[in-house]
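One structure is given below, encoded as structure tokens.
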Amino acid sequence: MTQPTKTTCPYCGVGCGLHVQRSETGAISVRGDPEHPANLGRLCSKGAALGETLGLDGRLLHPEIRGRRVDWDTALDQVAEGLRSVIDRHGPQAVAFYVSGQLLTEDYYVANKLIKGFIGSANIDTNSRLCMSSSVAGHQRAFGADAVPCCYEDLELADLIVLVGSNAAWCHPVLFQRIRAAKERRPEVRIVVIDPRRTDTCDIADLHLALAPGSDVALFNGLLHYLERHNAVDWRFLVNHTEGFGEALEAAQSGADPVATAALACDLPRAQVEQFYAWFAATPRTVSVYSQGVNQWSCGTDKVNAIINCHLATGRIGAPGSGPFSFTGQPNAMGGREVGGLANQLAAHRGFTPEDLALVRGFWGAPRLAERPGLKAVDLFQAVADGRVKALWVMATNPAVSLPDADRVREALRRCELLVVSDCERHTDTTALAHILLPAAAWGEKNGTVTNSERRISRQRAFLPAPGEARPDWWILTQVARRLGHAGAFPYEDPAEIFREHAALTRAGERGHRALDLGGLSGLDAAGYRDLAPIQWPVAADGKGSERLFADGQFFTPSGRVRFVPVRQRPPAHATDVRWPLVLNTGRVRDQWHTMTRSARAPRLNSHRPEPYLEIHPKDAEPLGLAAGSLAQVESRWGRMLARVELSARQRPGSVFVPMHWSDAFARSGRVGALVNPATDPHSGQPEFKHTPVTVAPATLAWTGFVLSRHVLALPAELNYLARTLGDGFLRYEIAASLVPSDWHTWAMTLLGPEGDWLEFRDAATGRYRAAVIRDGRLSACLIVSAGGPLPERDWLAALFAQALLTPESRTDLLAGKSGRTGEDRGRTICACFNVGLKTLERAIREQGLATVQAVGEALKAGTNCGSCVAEIREVIDGLD
Ligand code: SF4
């Protein structure tokens, strides 16, 4: 075994530290770093499976121009030449970069410096715009800087934790584990979850407020009014450290009885609202966590400030166990915010004021510095669509899937004069449209830093050589900058040099204190950078970090006082109506990350939620004729998709939920981004992913089915539904079509290939067809379709791919379409760490009389590692009572 490399998880904003170790055979094992303050050794299912995602299948290994492999010099010359040509003909505003919270801070820094400083356009925006820019805007309005007050330890010190629009159990699992552990240690800690859906996060909730979608401002305005009415305001803090309380209170008051007003506006029982308000008023150590359910609205920034207002009124900020706390989505969304990855920030948290422009211009030696903010993500792609932006460089992200109104974005990319994409993946919906592809180094091959949700900078360290001709993003950008004639400003030979410059810029020209201050890190030498331990900014000159901000009551506004922001409840941009009666809400699933390009490489992460699904309340499904497990068509004004129906009383009637992850590459008809309305928040530019009016109906299909195959299949164009997942030794394709082949045998032969022994069953009366192909005694592929009846479980069939020689019993089972033996069907994955499926769990609970999560853990180990599945295990136990 080699010495472990200390690095950081590349998935979410928790920023867990890892120990990665390579065995002599090259096998990689990943463990939580017990010394990293973010996770203290814990990992979630995604982090624990990272070692299984490192294969080179599907990697982009060489530069390409229009599909043809070229060398680096040719590719870089073409990028520089293309950018120069567009600038010469149309000016710098015709150029844009669209970057990603997956980039390291050093990559981000160079990208921002190149476009804002030397191309002269501020058209650089990041996909972090889609997940947390409303929090940024809310912080700036209140604190005068984009500064998160809290640290993770506050979650353990709080007596009341309010989770607003945050399914932390699935989206920030290690922080959820920390909260769960704190509550187990101190059961008196109260947890309130505010979310229209009953998510797994509610597993530890003392109170769940399933409020009407988008009514959070009314709820927190009611709370502000209640605090004032119940003498819970900290007047000393108000007088000494704040401004604007009167205006905020006036905006918050919309009735004599704040509880009744909020209960009505939020469609909640009065008693629940009263309980929440009373707990908040009486609990000095309160942390309010908010995440995408708050941010992803056209009123997202107002929601953030409505929450912050309540903390300011009670003086609950800057002290241990109290404060408003934004959980960031991506691993380095914070790092991007720090260096100017958002179009409306210049660099180092500086804006476009004359003073900031002069300072950055001088620091960079950049006479062409962009002088006004650039286009935010949705507007940027609109500018690509209407031809104002003619050259777009996309780095480490997949906007053809992830942007709202994604079909229009895809069309815009198709029409773009020059589309450059740097990525480590060869086959994404966005790389498919690129003119120039640049192979980027992936996680495990890159060196740099990331910043997590608690402002903690951690090193990401390489433990693998970059394969093929892949290069770090900062290197690629540096080479292009030099070719554009800026070699002197881009001398970088390693990421440490870039970090030092970034750190120095945070401090340049400053006499007073500022939020983003890395002055204490600007002198790091090579060894200091190599060994840099996790540290929270601001970092003082003596090199000490800062756990919390604002303990001294000093803020970053001109007056030094924190600002109340008056906010009023606003409706979403598009209301439901008779034609579009349901509200579509989008979000994550537990075991996948973004557009699945990395997480879908790990088979054990694919079986928890293997295909796009629609969660709908039975009361909504019944009149629509939607049965559990059937396929539904979901449609909005902007697009349509197909999804598997999942009936769930956890869903609020009138609202449906569809996960965000599936792309064209994984589900041809399952891209929810195509449906999402492109309305944005006026302050932050963040899109309204949580509220799109839709209609849902049973899909009209002649048949549905699936294929399991050892080999990649070329699926015919007439298949209008598809979900492709990687299993252990096979690929699973969920398929359906509106036409029945005239001859199933010929169709199946074309799809699966004619070689091998064929087992077939056909029942024309019921529209069932089954075929299995056996090659060299092993199951090579099977195709199962039905014109409407139930389809067999996939898991016992999947298990047949592990048989070295298919047994006679298994051949019989294949023809029968079901296993003759009990216990072979494990069902969809519940516990990804120990590969325990739903059916296995149900059998064990019934046969062994397991009545608690602990008993299940002892019997099956399920739920005993990362704990992400504990809520689901409890639900299964309760369901079998
Ligand atoms: Fe990675 Fe999970 Fe930690 Fe997020 S919570 S950083 S996905 S291990």
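In each ligand, atom 1 is the first atom listed, and ligand 1 is the first ligand listed.
Nearest protein heavy-atom contact of atom 3 (Fe) of ligand 1 is Cys16 SG, 2.3 Å. Nearest protein heavy-atom neighbour of atom 1 (Fe) of ligand 1: Cys9 SG, 2.3 Å.
Ion pairing of Asp206 with Arg190 is absent here, as no side-chain N (NZ or NE/NH1/NH2) approaches a carboxylate O to less than 4.0 Å.
Within the 4.0 Å heavy-atom shell around ligand 1 one does not find Asn39.
Distances below 4.0 Å separate heavy atoms of Leu43 from the following atoms of ligand 1: 8 (S). Every atom of ligand 1 with a heavy atom of Tyr11 under 4.0 Å away is listed here by number and element: 7 (S). Within the listing of ligand 1, atoms 5 (S) sit less than 4.0 angstrom from a heavy atom of Pro173. Close approach of ligand 1 to Val174 is summarised as follows: ligand atoms under 4.0 Å from at least one heavy atom of the residue are 3 (Fe), 5 (S). Below 4.0 Å from some heavy atom of Gly15 lie the following atoms of ligand 1, by number and element: 6 (S).
Between the side chain of His502 and the backbone N or O of Thr105, no donor-acceptor pair lies under 3.5 Å. Looking at His172, its side chain does come within 3.5 Å of a backbone N or O of Thr328 through a donor-acceptor pair. A donor-acceptor pair under 3.5 Å is formed between the side chain of Thr201 and the backbone N or O of Ala168.
For atom 2 (Fe) of ligand 1, the N/O/S atoms of Cys866 include none lying under 2.8 Å. Cys44 lies apart from atom 1 (Fe) of ligand 1 in this respect, since none of its N, O or S atoms is found at a distance under 2.8 Å. Under 2.8 Å from atom 4 (Fe) of ligand 1 lies an N/O/S atom of Cys12, whether from backbone or side chain.
Remark: Arg598 qualifies as a cation-pi partner of Tyr11 under the 6.0 Å distance and 45° angle criteria applied to the six-membered ring. Within the cation-pi definition used here (under 6.0 Å to the ring centroid, within 45° of the axis), Arg197 qualifies as a partner of Phe657.
Ser458 and His36 share a side-chain donor-acceptor pair at under 3.5 Å.
Atom CZ of Phe834 is separated from atom OG of Ser45 by 12.0 Å, given to the nearest 0.5 angstrom.
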